[in-house]
Amino acid sequence: MAKITKLDDIVSLCKRRGFIFQSSEIYGGLASCYDYGPLGVELKNNVRKAWWKSTVQMRDDIVGLDCSILMHPMVWKASGHTDQFADLIAECKKCNVRTRVDHLQEKVTEQAEEHTEHIAIDAAMAKAQDLSSKLCPNCGTVGRFTEPMPFELMFETQMGANVDDSMTLYLRPETAQGIFANFRNVLDTARVKIPFGIAQIGKSFRNEVTTKAFIFRTREFEQAELEFFCRPGTDEHWYKHWKELRFNWYIDLGIKKENLRLRDHEPDELAHYAKACVDIEYRFPFGSGDWQELEGIANRTDFDLRQHQRGMRTLNKWFENDRDLTNIELSGEAEDYQSGPLSYFDDEQKKRYIPYVIEPSAGIDRSALAFLVDAYDEEEVRGETRNLLRFHPALAPVKVGVFPLVKREGMPEIAQNIYNDLKKYFNCFYDEKGAIGRRYRRQDEAGTPFCITVDGQTTEDKTVTVRDRNSMEQVRVSTDQLLNHLREKLDM
RNA sequence: GCGGGUGUAGCAUAGUGGCUAAUGCACCGGCCUUCCAAGCCGGCUACGAGGGUUCGAUCCCCUUCACCCGCUCCA
């Protein structure tokens with residue numbers, strides 16, 4: 001079994017094999033940012049592809065979308081991100097521990113659950129100013145805090161080259177809002193009927209307080225999100241449906257069952273918008289064997305679409321306020337909000353309503369790493385250690401290695417021809433250098449499922465050997481059957 | 001952000017206030033080689049960055065960057 005027991009081992013493995021590098025390494029690195037190397041980018045692309053195929057292409061009820069990262073600022077007002085993501089933090093002067101102001105407890109009473117959510121920063125600031133009776137959760141000291149400081153969790157940027165009329169925009173902290181903002185467009189153009197989903201893969205950005213832990217929590221990351229719209233009342237059914245489906249997606253792609261689990265959120269752990277939420281967690285094999293979240297599946301109810309209906313009603317205020325978000329309040333909800341601009345007309349029920357949403361939201365980077373770590377293996381072969389990555393064929397960066405047994409007697413030419421033919425269908429790798437055993441082992445380390453070798457017999461009967469990564473066994477296959485043979489084995 | 005630790009080649013380790021910074025694996029070239037990291041010959045690549053002390057710093061000091069562990073945080 002794998003001897004990965006520390007995070008360092010994973011980092012080292014990732015670098016050694018060309019999967020993941022520190023960003024800007026030649027300049028000393030940039031905290032929390034990582035780059036994918038030659039094998040890593042193939043792996044990550046394959047993870048994306050596998051998600052997209054199972055979520056969009058294999059289903060009749062889900063369509064895809066690719067939204068811009070920069071969106072209208074009001075999107076984030078309506079979603080609650082501009083308010084909620086600006087957490088107030090205070091630091092205890094005695095022990096230097098920082099705590100969210102809304103998490104601070106009163107000295108005597110237990111009454112302290114005043115969340116800053118949905119409160120403008122100014123209001124929250126005013127309300128939170130008085131920390132004199134608050135208790136430091138770390139050292140127990142009372143009332144010795146720094147001034148509360150807002151903690152911007154969204155990246156800001158400016159749009160417009162002209163400084164005078166440039167506008168503050170945010171890099172999206174989740175891809176989900178782009179889907180909600182396009183709900184109407186998709187409804188009007190894609191002939192979808194509830195229940196249906198809209199899926200998107202893309203980068204998101206969060207100015208996390210702490211990153212650390214390699215690529216588990218980075219400030220720039222890639223999400224694969226599905227918003228599945230359904231009739232209120234059927235939401236629990238679909239929640240269960242996606243919970244099972246998404247769990248099995250990882251298992252079907254080779255994650256060992258004992259390393260994957262579902263963890264339901266406790267009611268007090270739920271985000272304000274969610275009726276229920278479950279995490280799919282992977283047990284990374286280092287440290288205390290901590291379970292880390294790969295994906296969250298939430299029942300977001302009709303919260304988001306309703307919020308955007310409110311946002312649309314707030315647009316004029318925003319213009320009147322010089323396009324400044326900070327001092328405006330979201331307009332209230334219309335009385336007939338159920339038939340508002342983001343409602344859905346249900347043909348069967350002959351009525352309008354705001355659909356409920358089930359959201360499976362996966363981290364592509366985390367998943368790619370979990371697949372990598374889970375595939376890692378070491379085994380003894382004739383007294384030597386064989387390192388290999390037992391990737392599922394769909395995820396393997398390289399599908400087929402093609403070698404001439406030796407570098408003469410016409411073998412390289414034949415092997416080249418086979419390689420040139422096969423690379424139209426799979427990602428292949430040609431290698432003629434060094435001993436054949438060494439070349440096999442190199443591909444084992446990259447996780448390549450099959451290796452084809454052209455040998456002396458090939459020139460006589462036009463057959464080659466196909467060597468299996470896992471068993472190391474070889475079978476002879478006729479060259480004109482090769483493509484079919486590989487397709488079947490790779491299930492592609 | 002706090003406390004602790006680390007930073008020497010692609011990786012893993014050695015070593016030193018002063019000689020060409022060592023070893024293994026990997027990698028590249030050559031010879032040999034007809035199926036699982038063989039052998040021989042040759043070769044490339046490193047003291048995270050900046051400053052200070054010093055005749056001289058990879059080593060001592062300061063700053064900084066990055067990573068790891070723990071705390072905190074993780075809508």
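Residue numbers start from 1 in every chain, and the chains themselves are labelled A, B, ... in the order their sequence lines are given, proteins ahead of strands. Please read all numbers here as calculations on a predicted model, not as lab measurements.
- Across all strands shown, B/U54 forms no Watson-Crick or G-U wobble pair with both distances under 3.5 Å.
- Atom-to-atom, CZ of A/F284 to C1' of B/C68 comes out at 17 Å; the value is rounded to the nearest Å.
- Atoms CD and SG, on A/Q22 and A/C33 in that order, are 8.0 Å from each other to the nearest 0.5 Å.
- Here the separation of B/U13 from B/G18, taken at their C1' atoms, is 25 Å to the nearest Å.
- Rounded to whole angstrom, the span from the CD atom of A/E380 across to the C1' atom of B/C36 amounts to 15 Å.
- Comparing the P positions of B/G29 and B/G70 gives a spacing of 43 Å, expressed to the nearest Å.
- Atom NZ of A/K15 is separated from atom P of B/G10 by 7 Å (rounded to the nearest Å).
- Under 4.0 Å is where a charged nitrogen must lie from a carboxylate oxygen, and between A/K203 and A/E220 at least one such pair does.
- B/G29 and B/C41 make up a base pair, with Watson-Crick or G-U wobble contacts both under 3.5 Å.
- Residue contacts for A/E293: at a heavy-atom cut-off of 4.0 Å it reaches no nucleic acid atom on any strand shown.
- With B/C36, B/G10, B/C35 as the choices, the nucleotide that has an atom nearest any side-chain atom of A/M472 turns out to be B/C36.
- The CD atom of A/E227 lies 7.0 Å from the CG atom of A/D304; values are rounded to the nearest 0.5 Å.
- Separation of the P atoms belonging to B/A49 and B/C31 is 39 Å when rounded to the nearest angstrom.
- For B/G5 and B/G10, the C1' atoms lie 25 Å apart once the distance is rounded to whole Å.
- Following rounding to the nearest Å, A/F19 (CZ) and B/C11 (C1') show an atom-to-atom distance of 15 Å.
- You'll find that the side chain of A/R438 is closest to B/A37, out of B/A37, B/A75, B/C36.
- Partner assigned to B/C47 is none, using Watson-Crick or G-U wobble distances below 3.5 angstrom.
- If you check every strand for non-hydrogen atoms under 4.0 Å, A/Y34 touches sugar and phosphate atoms only.
- Each of B/U34, B/A75, B/C73 was ranked by its minimum atom distance to the side chain of A/R408; first place goes to B/U34.
- Here the separation of B/G4 from B/A22, taken at their P atoms, is 35 Å to the nearest Å.
- With a cut-off of 3.5 Å on both Watson-Crick or G-U wobble distances, the partner of B/U6 is given as B/A66.
- Counting to the nearest Å, the P atom of B/C35 and the CZ atom of A/F403 are 15 Å from each other.
- Distance from the side chain of A/R441 is smallest to B/C36 among B/U34, B/C67, B/C36.
- Spacing between B/C25 and B/A9 at atom C1', rounded to whole Å, works out to 12 Å.
- When each of B/C74, B/C68, B/C67 is scored by its nearest atom to the side-chain atoms of A/F214, the top-ranked nucleotide is B/C68.
- What separates CG of A/L405 from P of B/C36 is a distance of 9 Å, to the nearest Å.
- Across all strands, A/Q474 comes closer than 4.0 Å to base atoms (heavy-atom distances).
- Nearest to the side-chain atoms of A/Y440 among the listed nucleotides B/A37, B/C36, B/A75 stands B/C36.
- B/U72 and B/U58 have their C1' atoms separated by 35 Å, with the value rounded to a whole Å.
- The same atom, C1', is picked in B/G17 and in B/C32; the two are 48 Å apart, to the nearest Å.
- A salt bridge does not link A/R467 with A/E473: every distance from a Lys NZ or Arg NE/NH1/NH2 to an Asp or Glu carboxylate oxygen is 4.0 Å or more.
- Nearest-nucleotide mapping onto RNA chain B: of A/D444 and A/R16, the residue sitting toward the 5' end is A/R16.
- The NZ-C1' distance, from A/K433 to B/C35, rounds to 19 Å in whole Å.
- A salt bridge links A/R390 and A/D377; the closest N-O separation between the charged side-chain nitrogens and carboxylate oxygens is under 4.0 Å.
- With rounding to whole Å, A/F450 atom CZ is found 17 Å from B/C35 atom C1'.
- Residue contacts shown for A/S12 are limited to sugar-phosphate atoms, with no base heavy atom under 4.0 Å away.
- Within 4.0 Å of A/R386, counting heavy atoms only, lies no atom of the nucleic acid at all.
- Taking all atoms of both residues into account, the shortest heavy-atom contact from A/F180 to A/H308 is CB-CD2, 3.8 Å.
- Nearest-nucleotide positions on RNA chain B for A/R442 and A/T453 put A/R442 closer to the 5' end.
- Using a 4.0 Å heavy-atom cutoff across all strands shown, A/E445 reaches at least one base atom of the nucleic acid.
- Under the Watson-Crick or G-U wobble criterion, with both distances below 3.5 Å, B/C19 has no partner in any strand shown.
- Among A/R408, A/E409, A/K407, the one residue that satisfies the side chain to side chain contact (heavy atoms under 4.5 Å, CB included) test with A/M411 is A/E409.
- A cation-pi contact, defined as under 6.0 Å to the ring centre and within 45° of the axis, is absent between A/R172 and A/F205.
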